[in-house]
Amino acid sequence: MKVYVYKSVEELSKDVAKLIISNVNKNPKCVLGLATGNTMLPIYKELVKDYKTNQTNYENVKTFNLDEYAGLHYLNKNSYHYYMKKNLFQHININKSNIYIPNGIKKDLQKECDNYNELLQNYPVDLQLLGIGTNGHIGFNEPSTTFTPFTHIVTLKDSTILSNQKLFNKSSEVPKKALTMGIQNIMTAKHIILIATGDSKQYAVKKLLEEPISPFCPASILQKHQNVDIFLNTDSAKLLNKTNLIKKTA
Ligand code: GLP
């Protein structure tokens with residue numbers, strides 16, 4: 001596991017975007033695992049900027065999003081479908097039929113989860129992007145007594161609802177349930193990049209990297225993965241032991 005610490009979130013985002021672009025250029029049929037949240041916004045901005053300048057070709061790239069709220073229509077501005085379209089998909093030449101995001105308005109949500117698992121088995125993710133919740137969640141895998149391996153319906157923790165309410169008018173509007181890839185789905189990716197920026201992530205980052213693997217910090221499972229890069233800024237890295245960190249001056 002390599003841990004990079006940046007002074008500037010802008011430089012960090014540029015480097016993560018470069019990594020994604022180089023994957024797409026090397027393998028134009030690659031499968032990208034995508035994440036949402038504020039952390040990803042500057043990265044998607046860089047991808048859009050690059051597409052405008054270099055026309056990086058996404059025509060044959062497939063994407064799988066980590067999660068989606070239950071009960072939100074894809075036209076709802078707070079849905080992750082909407083987020084992805086607005087911040088990335090509408091700006092690049094991705095083929096609509098190559099975009100996969102769990103559908104939170106399907107009548108039978110369990111069946112939707114099962115279908116998503118099957119799709120993920122057929123198209124293993126090459127590069128998975130991850131953010132992290134302040135409670136250590138990845139995707140919407142919330143702290144719990146066990147790791148849930150496959151795509152499932154999850155009841156969101158109050159702390160997650162509170163952190164995610166920024167985009168909603170009030171916390172009561174944040175859905176209480178979501179669909180998320182499970183831990184084994186995530187761990188199957190060939191390469192994982194986790195990005196955490198800002199003060200609010202410092203405790204989760206400390207647990208992820210320096211405490212024993214535990215389902216109470218779902219992100220800690222990444223310690224077991226063979227090919228993970230962690231991108232932090234100085235704020236989120238504050239509590240870490242300074243050895244083993246790769247410092248970026250920018
Ligand atoms: C949500 C998403 C996660 C994301 C997290 C952090 O809960 N389901 O995938 O990592 O938010 O979001 P932010 O980047 O806004 O802090």
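All values derive from a computational prediction rather than experimental measurement. First listed ligand is number 1; within each ligand, the first listed atom is number 1.
- The ring-ring contact (aromatic ring centres under 6.0 Å, His included) test applied to His81 returns no partner, not counting sequence neighbours.
- Considering only residues two or more places apart in sequence or on other chains, Tyr100 meets the ring-ring contact (aromatic ring centres under 6.0 Å, His included) condition with Phe64.
- Residues forming a ring-ring contact (aromatic ring centres under 6.0 Å, His included) with Tyr82 (at least two apart in sequence, or on another chain): none.
- Listed by chain and residue number, the protein contacts of ligand 1 are Gly37, Asn38, Thr39, Asp67, Tyr80, Gly131, Ile132, His137, Gly139, Phe140, Asn164, Lys201 (heavy atom within 4.0 angstrom).
- Follow the hydrophobic side-chain contacts under 4.5 Å out from Met187 and you reach Leu194 in the same cluster.
- A side-chain donor from one of Gln110 and Asp114 sits under 3.5 Å from a side-chain acceptor of the other.
- Aromatic pair Phe140/Tyr69: centroids less than 6.0 angstrom apart.
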